[in-house]
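For clarity, every value in this text was computed on a predicted model and none was experimentally measured. Residues take their numbers from the sequence shown, with the count starting at 1. Because only heavy atoms are used, hydrogens play no part in the values below, and waters and symmetry mates are left out as well, while side chains stay in.
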Amino acid sequence: MSPDNTGPEGTGPIRAGAAVPGRAAVSPDGTGPVRAGAAVPAPPGAGLDLVDGPGQSAVDGQPATAGPSSDGRNDGRSEASAAAEKEGLRHKIRTQRRLRVGVLSTLAALVLLVLPAVFGIRSMTSDPVFASLDALNVPSWAAQKAEDQGYGSRWCFLDCRFRERIAESEKSFPETTEAYTSALTAAGWKQWKVADCPETAINTDEGSYSCWRRDELTLDLYVSLPGCAVEQVTPAEGTGEDAAPEKCDGSTVSIKVQNTITDLRGKTETNPGLVGETPDPVLPTDDPLLEPTPEAS
């Protein structure tokens with residue numbers, strides 16, 4: 001730096017355009033003096049010193065002063081964000097857990113309450129005995145227009161259940177009887193030879209009657225002539241000729257099922273009536289105390 005740019009008494013370098021006592025202001029490019037009050041542009045790099053080391057500013061070599069740091073605020077914000085993210089994850093996990101518990105509770109209620117109720121209502125509305133009769137392997141022509149009737153309790157509460165089915169067959173009673181006999185045997189029924197089966201004698205030319213047993217049930221099978229077999233000869237009006245009989249084929253099937261405990265056939269009915277204690281026989285003895293007292297004469 002030239003001696004012309006130093007301040008009086010070696011006070012240091014003069015900034016561009018600065019007024020120095022005892023000297024006229026000179027422009028930086030040396031073009032001439034500067035008028036008072038005129039702005040003098042600073043040359044590039046004027047008044048700037050290189051940073052000599054850490055802790056010094058780039059201006060005049062003054063020590064650098066550190067401004068307020070934002071690292072503390074950033075750390076606080078990141079910790080709050082992480083905490084909020086963790087809380088959101090916990091809430092999501094709790095929600096999913098409640099959802100799983102609700103689904104499992106619903107399934108458990110369905111299995112423990114709804115299904116037993118459905119099966120209970122189904123068992124009450126459908127009779128298993130009639131279902132087993134439906135499952136008999138009989139030809140379709142032997143089970144036409146079936147009608148079921150029943151009364152009593154299935155669990156024999158007050159009165160055991162009695163069941164009856166009436167059906168029509170398209171073929172004669174011998175063929176129908178053979179079809180039902182084979183089906184009952186295949187289903188596990190055993191023919192039951194017992195007195196009062198039937199209660200009244202059946203003409204073999206008009207039908208067949210047989211009794212069966214299986215488990216706690218008894219079954220009566222009666223196959224007879226159809227209802228139209230009763231001939232009714234009516235004279236035709238205005239003529240003395242009889243009307244031609246209508247064609248009547250087929251047979252009628254009657255099945256009766258009841259519990260063994262209510263079927264008294266084959267059981268010996270006893271009525272002991274009044275039952276008391278039989279006294280011991282009086283044996284002869286010579287004990288005078290047992291002889292009657294003689295009467296006075």
Do [X] and [Y] land in one hydrophobic cluster if side-chain heavy atoms of ILVMFWY residues count as linked below 4.5 Å?
| X | Y | answer |
| --- | --- | --- |
| Leu221 | Leu136 | yes |
| Phe162 | Ile255 | no |
| Tyr222 | Tyr180 | no |
| Leu217 | Leu133 | yes |
| Leu184 | Val257 | yes |

Least distance between heavy atoms, [X] atom then [Y] atom:
| X | Y | answer |
| --- | --- | --- |
| Gly250 | Pro226 | O-CD, 3.1 Å |
| Cys160 | Asn259 | CB-OD1, 4.0 Å |
| Ser169 | Ala142 | OG-CA, 3.7 Å |

Any donor-acceptor pair under 3.5 Å from [X] side chain to [Y] backbone:
| X | Y | answer |
| --- | --- | --- |
| Ser81 | Ser78 | no |
| Arg214 | Ala187 | yes |
| Ser182 | Ala179 | no |

Do we get Lys171 above Trp141's six-membered ring, with its NZ or CZ under 6.0 Å from the centre and within 45° of the axis?
->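 Relative to the ring axis of Trp141, which defines the angle, Lys171 lies inside both limits.
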If you measure from [atom1] on [X] to [atom2] on [Y], what distance do you get to the nearest 0.5 Å?
| X | Y | atom1 | atom2 | answer |
| --- | --- | --- | --- | --- |
| Arg213 | Trp189 | CZ | CH2 | 10.0 Å |
| Arg161 | Thr262 | CZ | OG1 | 12.5 Å |
| Ile166 | Lys145 | CD1 | NZ | 14.0 Å |

Donor-acceptor contacts under 3.5 Å from residues 85-109 side chains, at least two apart:
residue	atom	partner	partner atom	Å
Thr95	OG1	His91	O	2.8
Ser105	OG	Val101	O	2.8
Thr106	OG1	Gly102	O	2.8

Stepwise salt bridge (charged side-chain N to carboxylate O under 4.0 Å, His left out) check, Asp134 with Arg165 = CA-CA 10 Å; Asp134 293 335; Arg165 168 172 290 188; 2.7 Å; yes
Can you name the one residue among Gln258, Lys256, Glu147 that meets side-chain contact (heavy atoms from CB on, under 4.5 Å) with Glu164?
-> Lys256
Carefully, step by step, assess Arg265 and Asp220 under the rule salt bridge (charged side-chain N to carboxylate O under 4.0 Å, His left out).
-> CA-CA 12 Å; Arg265 292 174 298 182; Asp220 288 25; 2.8 Å; yes
Are more than 12 heavy atoms from other residues, nucleotides or ligands located less than 6.0 Å from atom CD of Gln144?
-> yes
May I ask you to check whether over 12 heavy atoms, not counting those of Asn203, lie within 6.0 Å of atom CG?
-> yes
In the structure I gave you, are the side-chain heavy atoms of [X] and [Y] within less than 4.5 Å of one another anywhere?
| X | Y | value |
| --- | --- | --- |
| Trp212 | Thr181 | yes |
| Cys197 | Tyr209 | yes |
| Asp159 | Ser153 | no |

So, [X] versus [Y]: side-chain donor-acceptor pair below 3.5 Å or not?
| X | Y | value |
| --- | --- | --- |
| Thr176 | Ser251 | yes |
| Thr260 | Thr218 | no |
| Ser172 | Glu175 | yes |

Going through the distances and angles, do Thr252 and Ser224 end up as a side-chain hydrogen bond (donor to acceptor under 3.5 Å, both in side chains)?
-> CA-CA 5 Å; Thr252 301; Ser224 61; 4.8 Å; no
Could you walk me through whether Asp127 and Arg154 pass salt bridge (charged side-chain N to carboxylate O under 4.0 Å, His left out), step by step?
-> CA-CA 8 Å; Asp127 195 317; Arg154 287 173 48 189; 5.0 Å; no
